[in-house]
There are 2 protein chains.
Amino acid sequence: MVMDVNRRTVLRLSRYRKALQRFSELGFVKVFSDNLGEAVGVTSAQVRKDFSLFGISGNKRGGYQIDSLLETLQRILGKGRVQKVIVAGAGNIGRALIHYPTFEKEGIQIAAAFDIDPAKMHRKERIPVLSLDEMPRFIEENGIEIGIIAVPEIAAQEVCDRMVRSGIRGILNFAPIRLRCGDENVVINPVNLQIELENVIYFVHALGKNQDTAPVNDKIKVNHL
Amino acid sequence: MVMDVNRRTVLRLSRYRKALQRFSELGFVKVFSDNLGEAVGVTSAQVRKDFSLFGISGNKRGGYQIDSLLETLQRILGKGRVQKVIVAGAGNIGRALIHYPTFEKEGIQIAAAFDIDPAKMHRKERIPVLSLDEMPRFIEENGIEIGIIAVPEIAAQEVCDRMVRSGIRGILNFAPIRLRCGDENVVINPVNLQIELENVIYFVHALGKNQDTAPVNDKIKVNHL
DNA sequence: GTTTTTTTGTGATAATTTTCACTAAATTGC
DNA sequence: GCAATTTAGTGAAAATTATCACAAAAAAAC
Ligand SMILES: NC(=O)c1ccc[n+]([C@@H]2O[C@H](COP(=O)([O-])OP(=O)(O)OC[C@H]3O[C@@H](n4cnc5c(N)ncnc54)[C@H](O)[C@@H]3O)[C@@H](O)[C@H]2O)c1
Ligand SMILES: NC(=O)c1ccc[n+]([C@@H]2O[C@H](COP(=O)([O-])OP(=O)(O)OC[C@H]3O[C@@H](n4cnc5c(N)ncnc54)[C@H](O)[C@@H]3O)[C@@H](O)[C@H]2O)c1
């Protein structure tokens, strides 16, 4: 009966935050739940329920003060201090992440990347690419809690194990494999780009065909879960 | 009452497919719903429900024949023929996708990428990077249905509009913005990497703190939605 | 100052999604 | 062949998630 904080709630919170940033940049001062809902693609009731879950309250008839709401969301989402992150695998995905400047602006600092291929290593770069062997030490010395896995599927579980052993508490995993981790206190979120693409393909085909072949939901605009 | 095919069902279908491929490579011939559930991270009942929704049936006590089940899933997921896809934006993400050889092996062919920056263009590559101006023609001439948006946020809506005008029916969007599209028959799936990362960060903090600060779900191992 | 309007906050309700639990079928062992 | 066992298929139940709808508060209008 008492709805609690789950993955989807927090994903929405991030979206609200992003929307608020834009509203703020546009010079708006206050916002109503239906503005936010519209911006993010949910109902206004959903917005209010989400906020109420975190004890966020606005003003009856006055909506929410953008600045203060933004600050609250930043705090909830841990944007108070810079969050250091490491990346395992300096290949296609790993490098894409390293070279994305927005992370830094948003308080996410990629402290280093790690690879086994000596050709990929660059100790002198602003974000150094080091040897995987140096990862445990680096994690411990810098108190890193979050790791991104961007190594080939075959190496992913091993890298995951090493990260967790060294103290990593949360992993964003790009390898198309379900990582197992004994420790219940470690969060592992998968990002499977192939599956996301296949999903689009499925629904395009499903919409294209007459609905005889397979049963299909009405509201297929799909978008975020 | 009659559960119908939704995004999550199809995401699971893709995961079953992947798991089956692995089972098949390992030389297994048949599989039970709880093997599949274990592999994918869902209950065996979920597996059977999902299959039943697509009219997939196995053998009581005999499980499912891996080969034939795999074929069925391939067909449902449109793996019968090569699916051509284009990418808008040959930056970090766009190039990562272009250089991922697994797509080709899995029947997803990136036919071309498009950019506005002349420095990014490479007409002679196996996957050419062309001028964005050439995109509409390319889409029409090659009957492309699926597009990936990997351009900066500011350009994403415009690129989306152009894609849809030219005939694209499904979009995987990496830009951190909600794309609007008049046409109800166009599928748009967002992939927001920053939000996925922030999500991990949130739950790591939530697990770290004593649960006083914010209400937190028990089962935080989270993983796929 | 009173009425009207607007929008929050939330309990109740509805919808969706997952799991349970049992039936029936197939296989194995004897 | 018959009993025991295993596992698919599936309605029913439970759990989860989202929406409704309305009371209460605040602001605006007059
Ligand atoms: N590139 C894409 O578009 C894409 C799409 C879907 C999924 N993925 C997945 O994302 C992951 C990364 O993909 P990618 O394209 O960047 O791969 P990649 O091959 O370009 O890069 C992988 C990197 O990991 C390094 N590596 C290998 N073993 C390692 C180990 N044990 N420790 C540290 N580093 C190691 C390699 O040297 C390489 O630099 C893969 O699991 C892939 O399946 C990528
Ligand atoms: N790189 C990451 O790790 C990362 C993380 C989160 C989100 N994203 C998002 O993914 C998208 C792509 O990111 P990126 O890092 O690859 O960016 P990028 O800047 O490296 O690449 C963008 C490319 O798009 C091109 N471009 C600009 N306007 C264009 C237009 N109108 N038409 C076609 N091409 C155009 C640019 O020339 C550039 O080559 C962005 O929206 C970004 O916010 C990226």
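A note on names: the letters A, B, ... follow the listed sequences, proteins ahead of strands, and every chain is numbered from 1.
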Sort me out a list of protein N/O and nucleotides 2-5 of chain D N/O pairs below 3.5 Å, or just none if empty.
| residue | atom | partner | partner atom | Å |
| --- | --- | --- | --- | --- |
| D:dT5 | O2 | B:R61 | NH1 | 2.7 |

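- Close to C:dT8, at under 4.0 Å from its OP1 or OP2, lies a side-chain N or O of A:S33.
- Salt bridge annotation for B:E38-A:R180: present, with a cationic side-chain nitrogen under 4.0 angstrom from a carboxylate oxygen.
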Between protein and nucleic acid, restricted to nucleotides 19-23 of chain D and to nitrogen or oxygen atoms under 3.5 Å apart, what atom pairs and distances do you find?
| residue | atom | partner | partner atom | Å |
| --- | --- | --- | --- | --- |
| D:dT19 | OP2 | A:T43 | OG1 | 3.0 |
| D:dT19 | O4 | A:K49 | NZ | 2.8 |
| D:dA21 | N6 | A:R48 | NH2 | 3.4 |

Practice task
Return one dot-bracket line describing DNA chain D 5' to 3' (Watson-Crick or G-U wobble pairs, both distances under 3.5 Å; ( ) same strand, [ ] crossing, | another strand, . none).
Solution key: ||||||||||||||||||||||||||||||
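- No donor-acceptor contact under 3.5 angstrom links the side chains of A:E25 and A:Q21, judged on distance only.
- Among the candidates B:F51, B:F28, B:F32, the single residue satisfying the ring-ring contact (aromatic ring centres under 6.0 Å, His included) test with B:Y64 is B:F51.
- A donor-acceptor contact shorter than 3.5 Å is absent between the side chain of B:K84 and the backbone of B:I110.
- If you check C:dT18, D:dG9, C:dT8 against the side chain of B:R12, the one that comes closest is C:dT18.
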Handout entry: A:V85 and A:I146: CA distance, side-chain angles, deciding distance, side-chain contact (heavy atoms from CB on, under 4.5 Å) verdict
Key = CA-CA 5 Å; A:V85 171; A:I146 314 283; 4.0 Å; yes
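- Across the protein-nucleic acid pair, A:F32 atom CZ and C:dT8 atom C1' stand 11 Å apart, rounded to whole Å.
- Separating the CG atom of A:N35 from the P atom of C:dT6 is a distance of 14 Å, rounded to the nearest angstrom.
- Residue contacts shown for A:S44 are absent, as no nucleic acid heavy atom lies under 4.0 Å away.
- Heavy-atom contacts from other residues, nucleotides or ligands closer than 6.0 Å to CG of B:L26 number more than 12.
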Handout entry: Stepwise salt bridge (Lys or Arg N to Asp or Glu O under 4.0 Å) test for B:E106 and B:R17
Key = CA-CA 11 Å; B:E106 294 275 3; B:R17 189 182 76 86; 2.9 Å; yes
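- Put simply, CE on A:M3 is 16 Å from C1' on C:dT13, counting in whole angstrom units.
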Exercise for the section: Go through A:R75 and A:E71 one step at a time and tell me if the salt bridge (Lys or Arg N to Asp or Glu O under 4.0 Å) criterion holds. Expected result: CA-CA 6 Å; A:R75 183 175 47 68; A:E71 259 174 50; over 6 Å; no
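- As rounded to whole Å, 16 Å separates atom C1' of C:dG9 from atom CZ of A:F54.
- Looking at B:N6, its side chain does come within 3.5 Å of a backbone N or O of B:T9 through a donor-acceptor pair.
- Of the N and O atoms on the side chains of A:D161 and A:Q157, at least one donor lies less than 3.5 Å from an acceptor on the other residue.
- The separation between A:N6 atom CG and D:dT17 atom C1' is 8 Å, rounded to whole Å.
- For B:Y64 and C:dT27, the OH to P distance is 15 Å, given to the nearest whole Å.
- Side chain to side chain, B:Y100 and A:N92 fail the donor-acceptor criterion of an N or O pair below 3.5 Å.
- In this structure, A:D50 places its CG atom 8 Å from P of D:dA18, rounding to the nearest Å.
- Side-chain contact, B:N199 with A:N189: a donor N or O sits under 3.5 Å from an acceptor N or O.
- One interatomic measurement links the two molecules: CG of B:N59 to C1' of C:dA26, which rounds to 8 Å at whole-angstrom precision.
- If you find the closest nucleotide of DNA chain D to B:F51 and to B:R8, the one lying nearer the 5' end belongs to B:F51.
- Among the nucleotides C:dT10, C:dT8, D:dA8, the one closest to the side chain of A:S52 is C:dT10.
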